[in-house]
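Just follow the structure's listing: the first ligand is 1, and inside any ligand the first atom is 1.
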Amino acid sequence: MTDTPLNVPVDKIPRHVAIIMDGNGRWANQRGLPRLAGHKAGTENLRRVIRATVEFGVKYLTIYAFSTENWGRPPEEVHGLLGILQDVIDRELNELNQEGVQLRHIGRLERLSPSLQARVLKAIDLTRNNDRLILNIAWNYGGRDEIVCAIQKIIKDGIAPDDVTDSLVGKYMFTAGAPDPDLVIRTSGELRVSNFLIWQTAYSEWYVTPTFWPDFDREEYRRALEAFAQRDRRYGKVSSELEGSNA
Ligand code: FPP
């Protein structure tokens with residue numbers, strides 16, 4: 001069966017999609033499998049979603065892979081997730097590089113082992129000139145932690161209070177230089193932000209689906225983008241259709 005083409009005009013394709021890949025644990029539980037099997041299936045799905053992101057012409061993809069709060073999970077799950085990060089870099093880096101994917105990391109690397117930190121930095125360096133897709137991996141990432149980190153740096157840089165503007169703060173975020181997400185996708189149906197990109201998503205559109213992350217396929221991704229293209233983004237103003245009318 002051939003894939004249904006994406007039916008969205010180019011100017012309605014989001015530049016930046018951010019994803020909360022939730023539901024791996026429940027996906028595994030439903031199958032009587034350990035939680036880590038869900039994370040492995042989720043990682044395979046991520047590969048497919050990256051491919052579809054390139055196909056759909058989305059330029060920036062940010063994925064929430066490990067939060068600052070995830071350290072509180074059982075040690076074997078934390079260990080397993082760190083192992084997945086290492087495996088992805090070891091096994092997928094060359095292919096991602098050949099496909100023109102630029103890897104970036106958002107969050108703090110400090111808590112990773114020196115060898116894993118070195119792998120992440122090597123991956124960032126190897127892919128730094130790629131421009132087909134910018135893939136931000138949020139690992140040991142927390143939105144509040146990011147804001148605290150930005151405030152600390154702003155103070156250390158001796159910035160005067162009157163010079164602290166919206167655009168300056170953006171430059172101190174881990175995502176500096178990237179456009180804010182246009183669309184945030186959250187799988188598994190939870191209606192919460194979970195400390196993800198709380199600064200950058202001020203005006204993002206949301207698409208929440210009950211589908212567990214390992215099952216979120218190209219077809220549903222296409223539907224999410226088509227739903228996004230129908231949204232009227234007003235940024236706190238009035239609709240462009242209403243502007244100038246007395247309605
Ligand atoms: C949320 O599901 C998922 C995570 C906390 C981990 C997501 C990580 C991956 C898919 C691996 C990605 C790997 C790389 C290297 C980018 P959950 O465990 O909270 O699910 P549940 O709510 O059903 O328990």
S67 side chain to E69 backbone, donor-acceptor under 3.5 Å:
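Looks like yes, one N/O pair under 3.5 Å.
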Backbone N or O of T62 within a donor-acceptor pair of the N136 side chain at under 3.5 Å?
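Such a contact is absent between N136 side chain and T62 backbone.
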When rounded to the nearest 0.5 angstrom, what distance separates CG in D215 from CG in N45?
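One gets 7.5 Å once the value is rounded to the nearest 0.5 Å.
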Nearest-0.5 Å distance, CG of residue N70 to CG of residue N140
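Between atom CG of N70 and atom CG of N140 there are 9.0 Å.
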Taking non-hydrogen atoms only, is [X] closer than 4.0 angstrom to ligand 1 via side chain, backbone, both or neither?
{"X": "I63", "answer": "side chain"}
{"X": "N45", "answer": "neither"}
{"X": "R35", "answer": "side chain"}
{"X": "N29", "answer": "neither"}
{"X": "V88", "answer": "side chain"}

[atom] - nearest protein heavy atom and its distance:
{"atom": "atom 22 (O) of ligand 1", "result": "R26 NH2, 2.9 Å"}
{"atom": "atom 11 (C) of ligand 1", "result": "T43 OG1, 3.4 Å"}
{"atom": "atom 20 (O) of ligand 1", "result": "G25 N, 3.1 Å"}
{"atom": "atom 3 (C) of ligand 1", "result": "M21 O, 3.2 Å"}
{"atom": "atom 5 (C) of ligand 1", "result": "N70 OD1, 3.7 Å"}
{"atom": "atom 13 (C) of ligand 1", "result": "I84 CG2, 3.8 Å"}
{"atom": "atom 10 (C) of ligand 1", "result": "N24 ND2, 3.5 Å"}
{"atom": "atom 4 (C) of ligand 1", "result": "H39 CE1, 3.8 Å"}

So, 4.0 Å and heavy atoms of G23: is ligand 1 close enough to count as a contact?
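So G23 counts as touching ligand 1.
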Does ligand 1 have an atom under 4.0 Å from some heavy atom of R73?
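The answer is yes: ligand 1 sits under 4.0 Å from a heavy atom of R73.
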Find all atoms of ligand 1 within a distance of less than 4.0 Å from any non-hydrogen atom belonging to L46, and give their numbers and elements.
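In order of numbering, the contacting atoms are 16 (C).
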Give the numbers and elements of all ligand 1 atoms closer than 4.0 Å to a heavy atom of L85.
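This gives 15 (C) as the contact atoms.
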N or O pair under 3.5 Å between D22 and ligand 1:
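N/O-N/O distance under 3.5 Å: yes.
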Is there at least one pair of N or O atoms, one from W139 and one from ligand 1, spaced under 3.5 Å apart?
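Checking ligand 1 against W139, no N or O pair falls under 3.5 Å apart.
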Would you please classify the geometry between the F174 ring and the Y141 ring as parallel, tilted or perpendicular, with 30° and 60° separating the classes?
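Y141 and F174: perpendicular rings.
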Mutual orientation of the aromatic rings belonging to F66 and W139 [parallel < 30°, tilted 30-60°, perpendicular > 60°]
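Aromatic pair F66/W139 classed parallel.
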Sidechain N-carboxylate O distance under 4.0 Å for [X], [Y]:
{"X": "E219", "Y": "R223", "result": "yes"}
{"X": "D125", "Y": "K122", "result": "no"}
{"X": "D22", "Y": "R186", "result": "yes"}

Would you say L197 ends up clustered with M173 if hydrophobic residues are merged whenever their side chains have heavy atoms under 4.5 Å apart, either directly or through other cluster members?
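Cluster IDs for M173 and L197 match.
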Same apolar cluster: I198 and V148, side chain cutoff 4.5 Å:
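As far as the 4.5 Å side-chain criterion goes, V148 and I198 are not connected within one cluster.
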What residues form a side-chain hydrogen bond (donor to acceptor under 3.5 Å, both in side chains) with E77, not counting sequence neighbours?
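Here the qualifying residues are R35, H39, R73.
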Which of the listed options, A138, P214, A65, S188, holds the heavy atom that is closest to atom 8 (C) of ligand 1?
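Looking at heavy atoms only, the winner is A65.
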